[in-house]
Amino acid sequence: MIYLDNAATSFPKPEPVYQALDRFARTSLANPGRAGHRMAVAAERTLDETRHLLNQFFGGEAPQRWILTLNCTDALNLAIKGVLRPGDHVVTTDLEHNSISRPLRALEKAGVISLSRVASKDGYVDARAIGEALNSRTALVAMTHASNVLGTVQPVEEIAPLVRKAGALFLLDAAQSAGVVPIDLRTMPIDLLAFPGHKALYGPTGTGALYAGPRTDGRIRPWREGGTGGDSSSETQPVVLPYLLEGGTPNVLGAAGLSAGVAWVIERGPENLRAHEVGLLARVVDWIDQTDGWRIAGRWDPATHVGALSLLPPPGLSPQDLGSILDVSFEIAVRPGLHCAPYLHRAIGTFPEGTLRLSPGPFSTDDQIAHFLHALAQITVGIL
Ligand SMILES: Cc1ncc(COP(=O)(O)O)c(C=O)c1O
């Protein structure tokens, strides 16, 4: 199989990730606990090490501010439901994945919050438009760093300071950027950073994290309460991070794999990893430019792009059919449809069929892209 669906989850994982998972599962897979037997303490140490590594990689304020979650959706819900209060105003964009759009829309429909959805153009949100949407009741700006449909990277360096100046919290969904676009919390005023561990940080599925910055202190509430592997005497959830937000047995095996994935990314360098993927996509863009009937969605600017690209096939060929033919006849895995981003597909006129998204990863090769383009050419000849 030629796997070009890394924007959904990365595959394969780097070898050290498999090794870490295997080693941990065989030797240390106890229920973590700060005051338990030595295997429990060792498992707890793995969680601590993961938090330290994330804190170092992203320049956070302290390791305990990293809440380990099930995935990016879990992290985003924790942030959104944790900080919003009745009467709050929230700013978001039309680029968002349903993991931001749905919780916000549900709160809006329930009359809890009011919501402004800023429109993007050619895949980019203008910082000025975000600035204009802010008002004195704006409690949160929640937006993606890179579109999971178009791969376009948003100007968060311009947006985050505007949000800070307005006194609102800034929640960044780094699902498509963590691991490929540098994020430095020391220089970017991001209050809440959410990402999956299983995409470009190369952990297994079932991993993710939320960074809860100092401005969320005393404000963010848990939406899951329970055991924390430590002090059990308190009647309610402990107020210290990360335990305030981490009830229940954590995915410690996943954390062992995530740590190995992050270490691998640090060694390779996010910018090198991004350059490899964007270089492969540039070949696809060249082919599209020279081929009748095909188009790409969004503006192609390699400097502000991650490794995801949406294609619009010629009339007569739906993204769904194309995805099935590529899978069944050519053993190529890509993702057709709406990619959980219906507002964006409406905005770019591709609703309800969507687009065909390809997303190479660090182990994708020139030959695989050549094979993919050859397959597109063959399929197109068949229908035109
Ligand atoms: C931009 C974006 N946000 C959020 C998510 C949700 O991530 P997860 O599946 O880890 O919950 C995705 C997943 O594709 C995404 O691309």
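No hydrogens, no waters, no symmetry mates; every other heavy atom, side chains included, goes into these values. Atoms within each ligand, like the ligands themselves, are counted from 1 in listed order. If you read the sequence from its start, that first residue is 1, and numbering goes on from there. These figures come from a predicted structure and were not determined experimentally.
Residues Val83 and Leu172 fall into different hydrophobic clusters, defined by Ile, Leu, Val, Met, Phe, Trp and Tyr side chains chained together at heavy-atom separations under 4.5 Å. Ile379 is connected to Phe372 through a chain of hydrophobic side-chain contacts under 4.5 Å among Ile, Leu, Val, Met, Phe, Trp and Tyr, so both are in one cluster. Under the 4.5 Å side-chain heavy-atom criterion for ILVMFWY residues, a single connected hydrophobic cluster contains both Val153 and Leu273.
The protein heavy atom nearest to atom 3 (N) of ligand 1 is Asp173 OD2, 2.6 Å. Among all non-hydrogen protein atoms, the one lying nearest atom 10 (O) of ligand 1 is His198 NE2, 2.7 Å. For atom 7 (O) of ligand 1, the nearest protein heavy atom (residue, atom name, distance) is Cys72 CB, 3.3 Å. In this structure, the protein non-hydrogen atom closest to atom 16 (O) of ligand 1 is Gln176 NE2, 2.8 Å. From the protein, the heavy atom lying nearest to atom 2 (C) of ligand 1 is Ala175 CB, 3.3 Å.
Per-residue contacts place Thr144 under 4.0 angstrom from the following atoms of ligand 1 (heavy atoms of the residue considered): 1 (C). Atom numbering of ligand 1 starts at 1 in the shown order; those under 4.0 Å from a heavy atom of Asn148 are 1 (C), 16 (O). Atoms of ligand 1 found under 4.0 Å from any heavy atom of Asn71, numbered from 1 in the order shown, are 8 (P), 10 (O), 11 (O). Those atoms of ligand 1 that come under 4.0 Å of a heavy atom in Pro196, given as number and element, are 10 (O).
Under 4.0 Å is where a charged nitrogen must lie from a carboxylate oxygen, and between Arg65 and Asp217 at least one such pair does.
For Ser99, the closest heavy-atom approach to ligand 1 falls below 4.0 Å. Proximity of Glu96 to ligand 1 is not established, as no heavy-atom distance is less than 4.0 Å.
Glu277 is listed as a side-chain neighbour of Val180, based on a closest heavy-atom distance under 4.5 Å.
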Can you list the steps and then say if Arg117 with Asp94 is a salt bridge (charged side-chain N to carboxylate O under 4.0 Å, His left out)?
CA-CA 6 Å; Arg117 185 172 287 108; Asp94 66 3; over 6 Å; no
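Counting heavy atoms closer than 4.0 Å to ligand 1, residue Lys199 contributes side-chain atoms (C-beta onward) but none from N, CA, C or O. Contact annotation for Thr73 and ligand 1: heavy atoms of both the backbone and the side chain come within less than 4.0 Å of the ligand.
Ring centroid separation for the pair His339 and His97 does not come in under the 6.0 Å cut-off.
One N or O on the side chain of Ser310 and one on the backbone of Val149 form a donor-acceptor pair closer than 3.5 Å.
Side-chain contact, Trp66 with Asn55: a donor N or O sits under 3.5 Å from an acceptor N or O.
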